[in-house]
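Single-structure report; data block below.
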Amino acid sequence: MPEPDIQKLLREGIAAAKVAAKKNQSSATNNQKGRALHLLSQVIELDETNAQAWLWLSTVVDSFDDRITCFNNVLALDPDNQAAQAGLTLVKKQQVA
């Protein structure tokens, strides 16, 4: 069995996450969220140092704790990542509210 193409999985996961991010929460959108979660999780299983996959995964996980984990993993790999810094700040504010 050939090795999975990490970049292809990442591209497909990002595309699915973008569809899932749309405000209209139809069943198709929810299916894309699940697909994004699956694809991005596969990328991380193959390469847990993929900061981009961790960042996009943060957009499709359901809990505050999972989002915080994603952002912390991005920041461990890329301490200057502004998107992860902003996301972590936002999630912590939402968690308190």
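Quick note: numbers below take in every heavy atom, side chains included, and nothing from hydrogens, waters or symmetry partners.
Across all their heavy atoms, Ala36 and Ala17 have their closest contact at CB-N, 3.5 Å. Leu39 approaches Leu9 most closely through the heavy-atom pair CD2-CD2, 3.7 Å. Closest approach of Ser63 to Asp66, counting heavy atoms only: OG-N, 3.0 Å. Scanning both residues, Ala53 and Val43, for their nearest heavy atoms gives CB-CG1, 3.6 Å. Among all heavy-atom pairs drawn from Ser58 and Cys70, the shortest one is CB-CB, 3.6 Å.
For the atom pair OG1 of Thr89 and CD of Gln94, the computed distance is 11.0 Å after rounding to the nearest 0.5 Å. Considering CG of Leu10 and CD of Gln52, their distance stands at 4.5 Å, rounded to 0.5 Å. To the nearest 0.5 Å, atom CG of residue Leu88 and atom CZ of residue Phe71 are 7.0 Å apart. Of the inter-residue distances, the one linking Glu12 atom CD with His38 atom NE2 reads 10.0 Å to the nearest 0.5 angstrom. Taken from OG1 in Thr59 to CG in Leu57, the straight-line distance is 7.5 Å, to the nearest 0.5 Å. Between Asp80 atom CG and Gln82 atom CD the span is 8.0 Å, to the nearest 0.5 Å.
A donor and an acceptor atom, one from each side chain of Thr49 and Asp47, are located under 3.5 Å apart.
Within the 4.5 Å cutoff, side-chain heavy atoms of Lys18 are placed close to those of Ile14. When side chains are defined from C-beta on, Asn72 counts as touching Ile68, because their heavy atoms get closer than 4.5 Å.
Formation of a donor-acceptor pair under 3.5 Å by the Asp78 side chain with backbone atoms of Val74 is not found in this model. A distance-only check finds a donor-acceptor pair linking the side chain of Gln85 to the backbone of Pro79 [under 3.5 Å].
Hydrophobic clustering of Ile, Leu, Val, Met, Phe, Trp and Tyr side chains at less than 4.5 Å, counting indirect connections, unites Leu37 with Phe64.
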